[in-house]
Amino acid sequence: MRRSDKVGYWFVVPAFLFMAMFMFYPVVYNAILSMQHVDVMTLLSKEKEFVLFDNYVKIFKDKMFWNSLKNTFIFTIGSIAFQFGIGFFLAVLFNRESKGFKFMRAVMMVPYIMPATVSAILFKFIFNVSGGIANEALMALGMIKEPIEWLLTGRTAMISVIIGNIWCGIPFNMILISTGLTTIPTELYESAALDGAGKVQTFFKITLPLLRPTIESVLILGFIYTFKVYDLVYVMTSGGPVNSTHMLSTYSYKLSFELFRYSDGAAVANVLLVILLIVGVFYLRATKEDNE
């Protein structure tokens, strides 16, 4: 081995130690914890009882787990549908060399760089029953006569957190699709124009087919980021009202740090991890096929 190779390995060591401490160890510890019986009484005990997969059997019989799983899918699909649609529209709209459009692209990135907790607090005020912007605007337009209790009823609470997440995720979709649009050669559009193709034909025959790898990546990454949502939902509703907005992440937190059922919370977190790993495998396969 050459000396330069040894030096290169030393540069990798700090990153490897960081990942081992803050990524690999928590995952392994959580997997072990999910196969033990650990609660507030046995947390500090040196010898913890191993129950293997009993905790998983317990949560699979728990109605709240299935309700949280259903809510997570509803939240994810509802968010991605609008995030992607609006982000795609804005990416195509702002895909021009103009100072005004460049400025608008920069402004649209504000929701993405803003911390999720700040966005959650903002939308909590927007959907407040008294004085919230949502109710005031709808009443001013004559669409409602009385304020809607957005965060106090199950259906409207889910709609509220989805709207909040859509606002946060639109810039992510817009910037990735905009990047994909820049990779399409302008010569193709010029050739299509010479052949008499209109904008609609050009969009469906050139833009969409060549954007397919980008669209796949945006949808899969959007699913991963949205499916594991925690801070936005916890700040806005804390899983309420009556557990109607509990996601897998917030339910895992509730089991672990409110009910002190640490093993059950770890099992729910591992189910979430497995689902995301499966989606991640599909993402890697999709990108590999596109590269080939």
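In this text the structure is predicted, and so the values were computed from the model without any measurement.
Side-chain contact between Ser249 and Lys228 is absent, with no heavy atoms from C-beta onward closer than 4.5 Å. Counting heavy atoms from C-beta outward, Met23 and Val27 have side chains that stay 4.5 Å or more apart. A heavy-atom distance below 4.5 Å is found between the side chains of Lys58 and Arg261. Side-chain contact check for Lys63 versus Asn67: every heavy-atom pair is 4.5 Å or farther apart.
Each ring-ring contact (aromatic ring centres under 6.0 Å, His included) pair with one or both residues in residues 200-219, not counting sequence neighbours, appears once here: Phe88-Phe203.
Judged purely by distance below 3.5 Å, without hydrogens or angles, the side chains of Tyr56 and Asn270 pair a donor atom with an acceptor atom. No hydrogens or angles considered: nothing links the side chains of Ser217 and Thr214 as a donor-acceptor pair under 3.5 Å.
By the 6.0 Å contact criterion, CG on Leu259 is enclosed, its count of non-hydrogen atoms from other residues, nucleotides or ligands being greater than 12. Heavy-atom neighbours of Tyr230 OH from other residues, nucleotides or ligands within 6.0 Å: above the threshold of 12. Within a 6.0 Å sphere centred on OH of Tyr189, heavy atoms belonging to other residues, nucleotides or ligands number more than 12. Within 6.0 Å of CZ in Phe16 there are 12 or fewer heavy atoms belonging to other residues, nucleotides or ligands.
No chain of hydrophobic side-chain contacts below 4.5 Å, direct or via other Ile, Leu, Val, Met, Phe, Trp or Tyr residues, connects Val274 to Trp66. Grouping the Ile, Leu, Val, Met, Phe, Trp and Tyr side chains by contacts below 4.5 angstrom, directly or via other members, places Ile166 apart from Ile77. With hydrophobic clusters built from ILVMFWY side chains whose heavy atoms lie under 4.5 angstrom apart, Leu255 does not share a cluster with Val57.
Below 30°, between 30° and 60°, or above 60°: for Phe22 and Phe18 the angle between ring planes is between 30° and 60°, a tilted geometry.
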request  = Test Trp150 against Asn128 for side chain to side chain donor-acceptor pair (under 3.5 Å), laying out the working first.
outcome  = CA-CA 7 Å; Trp150 290 99; Asn128 194 15; over 6 Å; no

inquiry  = One pair to check against side chain to side chain donor-acceptor pair (under 3.5 Å): Ser263 and Ser34. What are the steps and the verdict?
reply    = CA-CA 5 Å; Ser263 297; Ser34 68; over 6 Å; no

inquiry  = Between Asn71 and Ser68, does the side chain to side chain donor-acceptor pair (under 3.5 Å) criterion hold? Intermediate values first, please.
reply    = CA-CA 5 Å; Asn71 288 341; Ser68 301; 5.5 Å; no

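Taking the six-membered ring for Trp and the full ring otherwise, the centers of Tyr251 and Phe65 sit at least 6.0 Å from each other. Ring-centre distance between Phe73 and Phe227: below the 6.0 Å cut-off.
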